[in-house]
Amino acid sequence: MKNILHNLNPEQLSAVTLPVKSALILAGAGSGKTRVLTTRIAWLIQTGQLHSSAILAVTFTNKASKEMITRLEDMLPVNIRSMWIGTFHGLCNRLLRSHHIDAGLAANFQILDSNDQLSAVKRLLKSLNIDDENYSPRDLRSFINSCKEQGLRAADINVNHSYNQKFIELYKLYDQQCKSEGVIDFAELLLRTYEILVHNQSLREYYQSRFQHILVDEFQDTNNLQYKWLKLISSCSGTVFAVGDDDQSIYAFRGANVGNMKTFEREFLVEKVIKLEKNYRSYGHILSSANTLIANNTKRLGKNLHTDAGLGELIKVYESTNDLQEGKWIVEETKSLIRKGINLSEIAILYRSNAQSRVIEHALFSAGIMYHVYGGQRYFERAEIKHAIAYLQLIENPHNNTAFLRVVNFPKRGIGIRALERLQNIAKEHNISLYSAIPKMTGKSLTMLRVFFKLIEEGCSKAKHLPLPEIVMSVLDMSSLIKYYQGEKEGTDRIENLEQLVNAATLFLAEENLEASTPATLIPKYQPKNVISLSNSKASPQIVENDSLPLTEIMSPLSAFLSYASLESGNGQEINGKDALQLMTVHSAKGLEFDTVFITGLEEGLFPHENSKNEDAGMEEERRLMYVAITRAKVRLYMSFSQNRMLHGQVRHNVRSRFFNELPEDSLEWSLPKSQQYTQLSNEFSNNKYVPKNTVHKIGWYIGENVFHLKFGEGVIINIEGTSINARARINFVKYGVKLLDLNVAKLEKVH
DNA sequence: GCCGGGCTAATTTTT
DNA sequence: TTAGCCCGGC
């Protein structure tokens with residue numbers, strides 16, 4: 001038997017070997033969090049405390065769950081399959097497929113990704129003739145999602161606001177629309193699962209007794225529904241082992257609630273919180289910067305990272321006049337790093353928002369330095385792939401109107417908007433899907449629509465006999481998608497992508513361990529009677545066995561593949577053999593580490609971002625984001641800011657980020673001596689082409705200065721026009737935006 | 001049905 | 001600046 005516990009530090013060891021009770025592990029950046037999580041699972045199984053089927057491990061991303069599976073396979077000789085490891089969404093998908101009848105869903109329900117959801121919402125609004133900017137599709141979508149993430153149905157929401165009233169009504173109609181089309185959105189996967197567990201006692205008790213230990217990764221990212229879900233499924237015999245880092249909570253904007261950690265500690269009666277504070281990633285200066293910075297946050301559970309590695313290099317801070325210069329500086333530093341023998345792929349350039357990559361890319365491109373920008377389009381989100389998937393969805397479920405509208409006239413079949421409007425009216429009138437409405441159409445568009453109808457119909461019958469990869473192949477052919485792109489100027493890449501889809505299907509089947517030739521079969525697996533009888537301890541072998549089947553066994557391979565495609569957007573950029581510089585937002589850097597990290601654009605308004613500066617919570621999240629950025633670096637850390645930056649088509653004057661004041665002086669190495677900073681600053685301003693040279697002294701105000709106005713509050717001078725008596729300042733006020741004020745009239749105060 | 005001009009708004013992102 | 005959206009003209 002492998003000694004899986006060797007080389008664990010005392011804190012890690014105590015976390016790994018905790019008794020099977022609810023526990024909270026505060027795992028700092030680079031403290032071996034994943035290791036603890038996987039080793040604990042292995043330890044529980046190896047010591048015979050739990051059967052592998054009693055374990056549920058939940059992550060947020062597919063990447064994280066894959067990583068966990070890989071590591072476990074390395075540690076354990078047993079079959080990982082019997083364990084439930086996956087993302088919240090993936091696990092809920094599995095549960096809903098197994099219990100689709102209880103959930104009131106068709107066996108082959110399809111999953112809307114957020115774009116699909118948006119078009120579904122748009123279609124709903126259109127069908128109701130709502131063209132009011134107060135009810136924009138995007139707002140409605142986020143309203144619906146945030147309701148679902150709170151566990152609220154339209155009927156549950158208090159009607160006390162006229163604005164709400166309409167949204168609630170629309171939310172209800174949206175759910176009806178989804179139901180009749182046989183589709184569900186991401187949030188619905190979770191909510192629906194939660195609801196069937198609440199409403200179906202035998203089902204609930206079955207899973208409650210089955211999962212005795214539930215391990216949750218990145219607990220700080222859970223939203224309220226996920227928390228409720230965990231609480232429900234773990235009550236009775238279950239316990240939750242939560243691992244997270246409140247200091248790395250950077251997803252509040254999409255519903256994550258850090259407060260869940262404190263609530264968890266209280267409600268799950270956690271006796272002792274274990275902190276993993278030993279960092280195995282970064283050198284001392286980097287770590288103390290992170291510690292000092294994050295100490296400025298008030299709402300923390302408390303944690304301080306330390307390392308055995310020495311202090312290492314100082315953090316290099318660079319101040320530039322403008323963003324172009326910042327780009328050049330990155331190029332120069334990169335070149336010198338290359339000379340030191342550092343691989344480009346070990347260097348990351350981080351920024352707060354995607355728009356900032358442009359200037360940097362330009363500089364790198366001109367210098368001939370290879371780079372790779374993360375966050376591009378993912379494989380399954382590419383237009384051509386979405387088209388192919390839509391055909392596949394229609395074959396599996398022709399009533400999916402979102403898929404229908406996506407491809408009914410793509411490639412062109414001469415089916416225009418007029419025809420579709422009529423079709424939609426017929427469908428609405430008879431309360432049927434667009435597909436079913438086709439035979440009821442009249443006029444010449446009927447002919448065209450019939451062609452499409454036949455196409456789908458033939459696809460359906462073919463799908464019954466062919467193995468998955470061949471279904472995909474035949475769809476590419478019969479849809480004429482390939483033919484269409486052959487006629488396009490830049491279609492080669494798209495054709496390549498489409499052909500990749502066949503490989504993706506083959507690969508998917510292989511991973512699901514299934515013979516490619518198995519025909520689609522659907523066996524009802526869940527027998528409520530059995531479950532009731534086993535509510536005490538051991539689950540019947542039959543049910544355990546069913547629970548561990550690959551998805552392709554409980555639904556058609558095509559259906560399984562489609563859900564995989566929706567839930568796994570596909571690492572758009574994963575295989576990248578080239579040695580290239582890594583460019584990404586700070587958000588997407590979370591969980592990664594690099595030898596060298598550049599944090600760029602450290603300016604007030606950018607990082608921390610303007611929109612977050614007003615409330616405390618927003619500011620603290622920005623600080624955590626900065627903390628995440630810093631802790632990505634192993635050996636070398638660079639930070640830069642620029643006095644001027646092109647933003648929204650305008651040159652903006654920025655002040656360096658407040659975060660610099662929150663870092664330890666001793667760990668920083670300014671590229672200009674600190675004493676010269678402010679002298680330098682005013683020189684730069686007076687040399688600036690936007691300011692007449694001598695205005696600084698004559699007027700007594702300078703660009704970039706923080707000011708306070710009685711009515712408008714705080715702001716920054718972004719430009720000064722005219723001189724002496726005519727002098728006016730363009731001031732960017734935090735709350736009121738840009739105003740032009742006469743400096744001789746306006747009562748401005750300096751803010752220090 | 002398609003193209004182009006004008007307008008507007010402008011973080012962060014996984015499933 | 002630029003991407004996305006809407007509208008009008010062909």
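Reminder, nothing fancy here: chain letters follow the sequence lines and each chain counts from 1.
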A/F410 CZ to B/dC2 C1', in whole Å, measures 14 Å
A/E195: which residues meet the side chain to side chain contact (heavy atoms under 4.5 Å, CB included) condition with it, sequence neighbours left out? A/R153, A/L191, A/R192, A/H199
Quick one: label A/D113 by what it contacts on the DNA or RNA (base, sugar-phosphate, nothing), any heavy atom closer than 4.0 Å. nothing
How does protein contact run along nucleotides 3-12 of chain B, one letter per nucleotide 5' to 3', with B for base contact, S for sugar-phosphate only, - for none, heavy atoms under 4.0 Å? -------BBB
Between A/E218 and A/K33, does any side-chain N to carboxylate O distance fall below 4.0 Å? yes
Nearest whole Å is fine: how far is B/dT15 P from A/L225 CG? 17 Å
Who passes ring-ring contact (aromatic ring centres under 6.0 Å, His included) against A/Y171, sequence neighbours left out? none
Along DNA chain C, 5' to 3', what are the outermost nucleotides having an atom less than 4.0 Å from a heavy atom of chain A? C/dT1 to C/dA3
d(A/R94 CZ, A/L189 CG) to nearest 0.5 Å is 13.5 Å
Rounded interatomic separation in angstrom, taking CZ from A/F186 and P from B/dT13: 16 Å
Whole-Å distance between B/dT15 P and A/N223 CG? 14 Å
In whole Å, I'd like the distance from the CD1 atom of A/I184 to the C1' atom of B/dT15. 12 Å
A/S566: what forms a side chain to side chain contact (heavy atoms under 4.5 Å, CB included) with it, not counting sequence neighbours? A/I111
Side chain to side chain contact (heavy atoms under 4.5 Å, CB included) involving A/Q325 - partner list, sequence neighbours excluded: A/Y318, A/S320, A/T321, A/N322
Residues that A/F211 engages under ring-ring contact (aromatic ring centres under 6.0 Å, His included), provided they are two or more places apart: A/W84, A/Y207
Pick the P atom in B/dT13 and in C/dG4, then give their distance to the nearest Å. 15 Å
How long is the line joining CH2 of A/W229 and P of B/dT15, in whole Å? 16 Å
Under the rule for side chain to side chain contact (heavy atoms under 4.5 Å, CB included), what residues qualify as partners of A/E384, not counting sequence neighbours? A/R382, A/Y485, A/R494, A/N497, A/L498
Roughly, in whole Å, what's the span from CG in A/L567 to C1' in B/dT15? 6 Å
Rounding to a whole Å, what distance do you find between A/R141:CZ and B/dT15:P? 16 Å
By salt bridge (charged side-chain N to carboxylate O under 4.0 Å, His left out), A/R97 pairs with (sequence neighbours left out) none
Students often get this wrong, so: under 4.0 angstrom with heavy atoms, is A/L190 touching a base, only sugar-phosphate, or nothing? nothing
